[in-house]
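Side chains are part of it too, since the values below use all heavy atoms of this structure and drop only hydrogens, waters and symmetry mates. Chain letters run A, B, ... following the sequence lines, proteins first and then strands; every chain starts at 1.
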Amino acid sequence: MSNKGSAYGQAAGDTDFRKKYDLDEYAAKAKQREQDEKEERKARWEAKMAGKKYYKPLDGSETLTTARNATQDMSKMVGKTMLVPAGAGVGKRGRGAGFYCEHCDLTFKDNLQWLDHQNSPQHLRAIGQTGEVRKATAAEVHARIELLWEREQEKKREQVVTLKERLEVHKEREEKEREEKRKKRKELEERKRLEREEELKKKTDYGEDVRIEGEHDEDDMMAAMGFTGFGNTGKK
Amino acid sequence: MTKTETHRADERRFLDERGSAGPLAPNGLNPATIMEKAVRERIVDSYFYKEQCFAVNEADIVDRVVEHVDFIGGVYGVVQKPTPFLCLAFKLLQLAPSDAILEEYLKFGGEKFKYLRALAVFYIRLTRPDKEVYTRLEPLLEDGRKLRRKGRNGTSLTYVDVFIDDLLTKDRVCATSLWKMRKRDILEDLELLEPRVSPLGNIEDLLEEEDERIKEEENRDRYADDSGSVRSMTPIKADSSDNMDVDDLEDRQDRSP
Ligand SMILES: [Zn+2]
């Protein structure tokens with residue numbers, strides 16, 4: 001069992017060759033570079049005239065391609081996309097309505113087309129990527145599992161905390177509601193008690209007498225007017 | 001300095017190699033044609049595959065499983081959408097992870113993330129020789145964790161061990177035809193495999209106990225007063241109340257919840 005290499009038995013040989021430079025070669029290289037740049041300008045111009053896209057050929061300075069939003073490279077994709085407001089123009093070339101790729105100067109009408117473009121060799125070349133992805137070793141896989149597990153545990157702990165908090169809030173609210181109800185019940189009882197007392201008072205005022213309709217009307221009226229009875233005024 | 005070992009970010013070259021001299025899986029199959037053409041096409045056309053499986057390596061696979069896989073299955077819904085599980089299995093066919101990495105998926109990762117284990121056992125069944133499939137999958141038949149499964153007929157419940165059992169006994173799982181392995185007893189006769197000792201004990205004994213339990217239950221029904229301790233003595237509980245798919249009930253072993 002090997003950590004590296006394909007299980008399908010692909011050769012994993014070292015294909016690097018030691019490069020030897022001498023001054024002549026160095027000069028030749030510089031000349032070559034000049035020539036290349038000239039050709040690139042020409043190719044760009046021709047492509048533009050023909051209404052075609054120009055793709056820079058690979059030159060060895062490209063970086064490896066990495067997965068979107070993978071744990072280790074969260075920031076890689078940020079700032080690479082730009083949403084252009086609708087009505088800014090139509091057509092695929094140049095800035096337009098939809099998803100605009102500034103590297104390739106192309107606009108795409110929906111996210112599926114956009115995604116296809118992001119994955120295309122042309123786009124990868126434009127952003128200087130090879131379209132090759134580094135293989136992970138078993139140790140790296142192990143470390144990633146550990147990292148993700150830790151992250152999941154952290155999430156769970158946070159959830160427990162928020163759950164506890166929510167329970168706490170819920171409890172408080174219930175407590176308040178109960179208190180409110182208790183208060184209302186007490187008020188109601190108090191009111192009823194007062195009413196009962198009032199009732200009782202009236203009864204004591206009249207003693208055990210059974211009121212006869214109209215009998216005490218005069219007294220009541222006098223009482224209401226401030227008199228308690230004829231003759232009492234004289235005593236004062 | 002040694003050259004960094006790489007994969008292609010996309011599947012183009014992988015699929016171009018089908019039928020030609022592409023590297024074969026350890027079981028001798030061409031990994032590019034293990035899944036059927038129609039299924040492969042659905043996968044590479046799916047949004048999930050394009051977005052989440054591009055430029056992914058063996059470590060990123062774990063990210064994707066943790067983030068996106070909460071059910072197993074092949075294709076589902078009216079449009080027969082491929083599941084993230086199936087898309088990632090297809091990606092594994094391309095990545096061809098080493099045995100050491102598969103061990104990480106199965107054991108260290110599999111203990112923590114049950115869907116990672118499910119993905120690894122599926123992939124191993126597709127690409128490894130039969131002897132290896134038995135020896136690597138059977139020890140995991142003790143894993144009774146629940147799995148959700150989505151298929152053409154909606155969502156159902158299964159278990160890691162039942163899924164592994166399906167992989168060992170069925171012809172077709174998760175929209176993929178499984179290559180025909182030699183039966184276990186044939187490999188035993190060829191002395192390629194040791195007889196398997198079930199964690200529950202000898203299967204013959206279990207069956208005998210089951211017979212006895214049924215007899216005792218009949219007796220109990222006859223003498224209604226005589227109930228009581230009979231049930232608690234029996235190791236196997238009746239599963240008739242379980243409303244799972246009929247094919248899942250086959251060979252289901254007793255498990256504690
Ligand atoms: Zn682009």
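- When every heavy atom of B:I101 is checked against every heavy atom of A:A138, the shortest pair comes out as CG1-CA, 3.6 Å.
- Side-chain contact between B:F108 and A:V141 is absent, with no heavy atoms from C-beta onward closer than 4.5 Å.
- Within a 6.0 Å radius of CD in A:E34, no more than 12 heavy atoms belonging to other residues, nucleotides or ligands are found.
- The neighbour count for B:R148 CZ, taken as heavy atoms of other residues, nucleotides or ligands under 6.0 Å away, is above 12.
- The side-chain heavy atoms of B:H7 and A:E132, taken from C-beta on, include no pair separated by under 4.5 Å.
- Residues B:E5 and A:R134 are not paired through a salt bridge, judged by the lack of any N-O separation under 4.0 Å between the basic side chain and the carboxylate.
- Rounding to the nearest 0.5 Å places CD of B:E103 at 12.5 Å from NE2 of A:H142.
- Counting heavy atoms of neighbouring residues, nucleotides and ligands inside a 6.0 Å radius, atom CD of B:E194 does not exceed 12 of them.
- When heavy atoms are compared at a cutoff of 4.5 Å, A:D116 approaches chain B solely by way of its side chain, counted from C-beta outward.
- Put simply, CD on B:E67 and CZ on A:R151 are 6.0 Å apart, with the number rounded to the nearest 0.5 Å.
- The minimum heavy-atom distance linking B:R12 with A:S120 is given by the pair NH2-CA, 4.3 Å.
- A:E140 contributes atom CD, which lies 10.0 Å from atom CG of B:D60 (distance to the nearest 0.5 angstrom).
- Proximity to chain A is limited to the side chain of B:V66, based on heavy atoms less than 4.5 angstrom apart.
- Contact detail for B:R64 and A:A67: the closest heavy-atom pair is NH2-CB, 3.7 Å.
- The environment of A:K181 atom NZ is sparse: at most 12 non-hydrogen atoms of other residues, nucleotides or ligands sit within 6.0 angstrom.
- Of all heavy-atom pairs between B:A55 and A:T65, the closest is CB-CG2, 3.6 Å.
- Taken to the nearest 0.5 Å, the CG atom of B:N57 stands 9.5 Å off from the OG1 atom of A:T137.
- When heavy atoms are compared at a cutoff of 4.5 Å, A:E152 approaches chain B solely by way of its side chain, counted from C-beta outward.
- Under the 3.5 Å distance criterion, the side-chain polar atoms of A:R144 are left unmatched by any main-chain donor or acceptor of B:D63.
- B:D10 places none of its side-chain heavy atoms less than 4.5 Å from the side chain of A:N119.
- Other residues, nucleotides and ligands place more than 12 heavy atoms under 6.0 Å from the NZ atom of B:K50.
- Residue-environment remark: CD (B:E191) stays at or below the threshold of 12 foreign heavy atoms within 6.0 Å.
- Taking CD of A:E146 as the reference point, atom CD of B:E104 lies at 9.5 Å (rounded to 0.5 Å).
- Side-chain contact check for B:L95 versus A:K135: every heavy-atom pair is 4.5 Å or farther apart.
- Within the 4.5 Å cutoff, no side-chain heavy atoms of B:F54 are placed close to those of A:L115.
- B:V56 is not listed as a side-chain neighbour of A:V133, based on a closest heavy-atom distance of 4.5 Å or more.
- One distance of note links OG1 of A:T130 with CZ of B:R8; it measures 7.0 Å at 0.5 Å rounding.
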